[in-house]
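Working notes for the structure below.
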There are 2 protein chains.
Amino acid sequence: MKKGQVTITDLAKELNVSPSTISRALNNSPFISEERKKVIMDLAKKMNYSPNQLALSLLNKRTKILGVVVPEITSYYFSTAINGIQDKVGSSGYKLMISQSNESFEEEIRLMEAMALVRVDGFLISPSSNTTTFDHFEKIKSSGFPLVVFDRDCLGFEADKVVVDDYSGAFQAVEYLVKTGCKRIAHIGGAASLSTTQHRKMGYLDALAKNNVSIVDELIINGEDSSSESGVTCMLSLLNLEVIPDAVFCYNDAIAIGAMSVIRERGIQIPEEISLVGFDDEPYSSYFKPSLTSVWQPIYDLGLLSAKILLDNLMADNESSSYRYEVLKPELMIRESSKKLPI
Amino acid sequence: MKKGQVTITDLAKELNVSPSTISRALNNSPFISEERKKVIMDLAKKMNYSPNQLALSLLNKRTKILGVVVPEITSYYFSTAINGIQDKVGSSGYKLMISQSNESFEEEIRLMEAMALVRVDGFLISPSSNTTTFDHFEKIKSSGFPLVVFDRDCLGFEADKVVVDDYSGAFQAVEYLVKTGCKRIAHIGGAASLSTTQHRKMGYLDALAKNNVSIVDELIINGEDSSSESGVTCMLSLLNLEVIPDAVFCYNDAIAIGAMSVIRERGIQIPEEISLVGFDDEPYSSYFKPSLTSVWQPIYDLGLLSAKILLDNLMADNESSSYRYEVLKPELMIRESSKKLPI
DNA sequence: CTGTTAGCGCTTTCAG
DNA sequence: CTGAAAGCGCTAACAG
């Protein structure tokens with residue numbers, strides 16, 4: 001920030017009036033003569049005056065900045081959520097301070113503390129996969145910051161939350177696989193601590209159970225993380241089984257893509273021999289060969305709604321008694337990597 | 001921001017000392033007795049005091065916030081650059097205010113003005129594809145904000161800049177195609193106004209010229225944008241030519257992926273009948289079938305270096321006379337979608 | 001209609 | 001060593 005910024009007192013001196021008069025003109029208060037207002041406005045423009053938000057924030061105790069913390073920004077998933085957030089807040093004059101925790105619990109704390117110091121007006125948080133205690137959230141909350149948790153749930157922590165119904169998405173996907181005749185359906189999971197990992201696995205298990213397909217332990221693998229590399233590794237071990245699966249439901253598209261490359265290399269046909277289903281419906285997924293069946297998530301809307309709830313809280317500054325818990329519905333996008341339903 | 005934040009005066013009242021004493025203790029000034037300091041520090045911790053950065057910023061004329069504007073956040077490319085930026089500034093205590101212009105010139109102006117009001121300490125800008133005049137940059141600069149332009153060059157605007165040598169990347173790629181025996185090499189371009197589009201096309205043209213391959217107008221197509229959809233459309237029209245190309249150099253991977261799907265659908269072999277090369281080397285590109293030959297860009301480093309330059313400017317507050325112009329080198333990643341070099 | 005005063009939270013002279 | 005006072009840029013209450 002440059003020292004030479006024109007201030008309200010500069011204008012005041014220039015015109016030999018008091019700063020308050022300038023202030024009134026600038027905020028077009030009714031208690032000022034039209035001619036004076038005009039003179040002042042003209043001078044302000046001429047001298048390239050712009051109000052110092054810092055001073056205003058100090059006065060109003062409101063920065064109009066929202067703090068956003070996501071695990072990683074370099075993913076289609078979270079960047080799309082941010083997109084939704086930005087589209088929502090943009091029109092209301094709020095700015096975003098965005099940071100990524102890189103899935104680190106300590107970094108998440110550090111970032112949130114830094115944002116609290118800057119006095120952001122509120123927080124939009126998607127917790128890191130290593131966040132299992134929520135003292136830092138509690139602390140932020142009890143300091144009076146409104147806080148909305150999105151995408152990843154925090155069991156045991158009370159707050160406004162917006163999540164996707166992972167369970168339902170997984171259930172749909174796996175039930176579809178069953179209906180298309182698959183009997184040995186494997187699952188490659190994501191990072192163990194994530195609520196999404198758990199919910200998707202639950203959906204998988206319940207879909208099998210409900211459809212009387214036996215649950216086979218060796219067909220369930222938990223990846224290290226949610227990367228394509230993990231997909232490669234896990235798929236390799238699935239293909240080393242005595243009897244290989246006839247379908248694989250993957251935690252996400254990245255894993256599915258890794259798995260697909262391994263399956264293809266072995267000369268195994270998709271979906272004839274193995275059906276493959278991902279999760280997230282990333283933009284490229286439909287361009288793969290075969291195109292990937294995947295569970296689409298309303299992730300843009302997730303961001304939008306989270307931001308809306310935060311803004312609502314900010315407007316209605318009364319402490320609302322209950323928290324909102326919004327669950328958005330995902331949708332199965334059927335493509336070539338899975339078989340067609342029998343007629 | 002909650003009203004109830006503990007301030008330095010609260011502490012002062014509590015202990016019946018003056019605010020300045022508290023301030024001195026908190027900043028461990030030498031002019032204060034150890035015992036007092038300890039008492040104050042303890043109370044501060046107990047009352048959960050945290051300094052108000054707003055007040056400090058107002059005083060120091062420094063917010064320790066950097067403004068970042070990118071065309072879109074939902075792309076692997078820019079989010080990786082932001083990644084680099086954040087990794088660089090994180091350790092230095094700077095925070096990032098990030099916004100996307102959505103390739104809109106007006107939005108870019110709006111965002112930068114908003115950030116200027118917040119008094120960010122400096123700007124990191126990658127201009128939108130519709131930004132062809134730079135008055136807003138000049139204005140920001142002349143208001144005293146340091147500014148670094150990255151990834152997309154602005155001809156006619158002087159500032160610190162960090163870009164990738166698109167020309168060289170394109171040249172490498174196309175020369176490689178020539179050397180592997182391709183003779184009818186097509187090019188699908190990106191958004192016309194972008195410096196990167198122009199530079200990549202130049203590289204393409206010069207590589208052809210230098211290697212005595214004739215330049216055929218009908219083989220050069222400018223896409224509407226840089227999406228896979230555009231790749232589909234453009235590739236379709238290339239395949240409608242009397243004589244189809246034996247290679248396609250695409251502006252980016254997204255276009256190449258779209259093109260690939262069309263080529264495959266027609267039953268044309270890649271790379272035997274048509275070689276395909278992209279640009280950006282997105283993470284999925286190596287998982288496509290065939291895996292995509294692409295020009296890798298040091299985009300993370302681009303972010304890192306841009307941030308470094310901005311921070312350098314911020315440290316050395318003297319107006320340095322000359323601007324830095326850094327050009328990073330891309331690298332061709334050869335995969336299955338292009339032929340092997342003859343031995 | 002306009003100027004004076006006070007104060008947001010903090011640091012930094014300047015006097016003790 | 002410590003307190004009082006001034007000021008960062010701005011607004012709002014209070015006198016005119």
Side-chain angles (χ1 to χ4, degrees), chain A residues 1-41 43-44 47-65 116-121 143-144, chain B residues 1-41 43-44 47-65 116-121 143-144:
Chain A
M1 189 168 62
K2 184 59 177 304
K3 324 278 162 179
Q5 286 285 358
V6 189
T7 76
I8 222 170
T9 7
D10 294 334
L11 299 181
K13 275 184 198 140
E14 195 75 18
L15 294 175
N16 265 326
V17 296
S18 79
S20 14
T21 305
I22 305 285
S23 170
R24 280 190 274 260
L26 261 20
N27 300 299
N28 65 122
S29 140
F31 308 117
I32 190 169
S33 67
E34 276 305 321
E35 49 176 342
R36 221 160 223 222
K37 187 190 286 188
K38 185 168 175 351
V39 175
I40 293 176
M41 294 300 260
L43 182 69
M47 292 184 65
N48 203 11
Y49 166 83
S50 70
N52 188 327
Q53 295 288 338
L54 251 29
L56 286 176
S57 298
L58 188 58
L59 214 49
N60 303 329
K61 300 181 175 309
R62 210 152 45 75
T63 52
K64 289 236 157 196
I65 300 177
L117 288 186
V118 181
R119 299 291 196 269
V120 295
D121 285 348
S143 300
Chain B
M1 187 167 64
K2 185 60 177 303
K3 324 277 162 179
Q5 286 286 356
V6 189
T7 76
I8 222 168
T9 8
D10 295 333
L11 299 181
K13 275 184 199 140
E14 196 76 16
L15 294 175
N16 265 326
V17 295
S18 78
S20 12
T21 304
I22 306 285
S23 169
R24 279 190 272 259
L26 262 19
N27 301 299
N28 65 122
S29 141
F31 308 117
I32 190 169
S33 66
E34 276 305 320
E35 50 176 341
R36 216 155 229 223
K37 186 189 287 188
K38 184 167 176 354
V39 175
I40 293 176
M41 295 299 260
L43 182 70
M47 293 184 64
N48 203 12
Y49 166 82
S50 70
N52 188 327
Q53 296 288 337
L54 250 31
L56 286 176
S57 297
L58 188 57
L59 216 47
N60 304 328
K61 300 179 175 311
R62 209 153 44 74
T63 52
K64 290 237 158 196
I65 301 176
L117 288 186
V118 182
R119 299 293 196 268
V120 296
D121 285 347
S143 300

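What separates NZ of A:K61 from P of D:dA12 is a distance of 14 Å, to the nearest Å. Straight-line distance from the CG atom of A:N16 to the P atom of C:dG3: 9 Å, rounded to whole Å. One atom, CG of B:L117, and another, P of D:dC10, lie 11 Å apart when rounded to the nearest Å. Rounded to whole Å, atom P of D:dT11 lies 14 Å from atom CG of B:L54. Atom CD1 in A:I40 sits about 13 Å away from atom P in C:dC1, given to the nearest Å. Atom CD of B:Q53 and atom P of C:dC8 are 19 Å apart (whole Å). Rounded to an integer number of Å, the gap from B:E34 CD to D:dC1 P is 9 Å. Across the protein-nucleic acid pair, A:L15 atom CG and C:dT2 atom C1' stand 14 Å apart, rounded to whole Å.
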Under-3.5 Å N/O pairs linking protein and nucleotides 10-12 of chain C:
| residue | atom | partner | partner atom | Å |
| --- | --- | --- | --- | --- |
| C:dC10 | OP1 | B:Y49 | OH | 2.6 |
| C:dC10 | OP1 | B:N52 | N | 3.2 |
| C:dC10 | OP2 | B:I8 | N | 2.4 |
| C:dT11 | OP1 | B:N27 | ND2 | 3.3 |
| C:dT11 | OP2 | B:S23 | OG | 2.9 |

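Considering only heavy atoms from C-beta on, A:I40 comes within 4.5 Å of A:L15 through its side chain.
The structure places CD1 of B:I65 at 7.5 Å from CG of A:L54, a figure rounded to the nearest 0.5 Å. The CD atom of A:Q53 sits 10.0 Å away from atom CZ of A:R62, with the distance rounded to the nearest 0.5 Å. We find the OG-CD distance between A:S50 and A:Q5 to be 5.0 Å, quoted to the nearest 0.5 Å.
Residue B:T21 has a polar side-chain atom (N or O) positioned under 4.0 Å from OP1 or OP2 of D:dG3. For B:S57, no side-chain nitrogen or oxygen approaches OP1 or OP2 of D:dC8 to under 4.0 Å.
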Which pairs would a plain distance check flag for residues 21-29 of chain B, meaning a side-chain donor or acceptor within less than 3.5 Å of a matching protein atom at least two apart in sequence or in another chain?
| residue | atom | partner | partner atom | Å |
| --- | --- | --- | --- | --- |
| B:T21 | OG1 | B:S18 | OG | 3.2 |
| B:S23 | OG | B:N27 | ND2 | 3.4 |
| B:N27 | ND2 | B:S23 | O | 2.8 |
| B:S29 | OG | B:F31 | N | 3.0 |

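One N or O on the side chain of A:T7 and one on the backbone of A:D10 form a donor-acceptor pair closer than 3.5 Å.
For A:E35, there are no salt bridge (charged side-chain N to carboxylate O under 4.0 Å, His left out) partners at least two apart in sequence or on another chain. Listed by chain and number, the residues in a salt bridge (charged side-chain N to carboxylate O under 4.0 Å, His left out) with B:K13 amount to none (sequence neighbours excluded). Residues forming a side-chain hydrogen bond (donor to acceptor under 3.5 Å, both in side chains) with A:K38 (at least two apart in sequence, or on another chain): A:D42.
Relative to the axis of its first five pairs, the axis of the last five pairs of the helix from C:dC1-D:dG16 to C:dG16-D:dC1 sits at 60°, rounded to 10 degrees.
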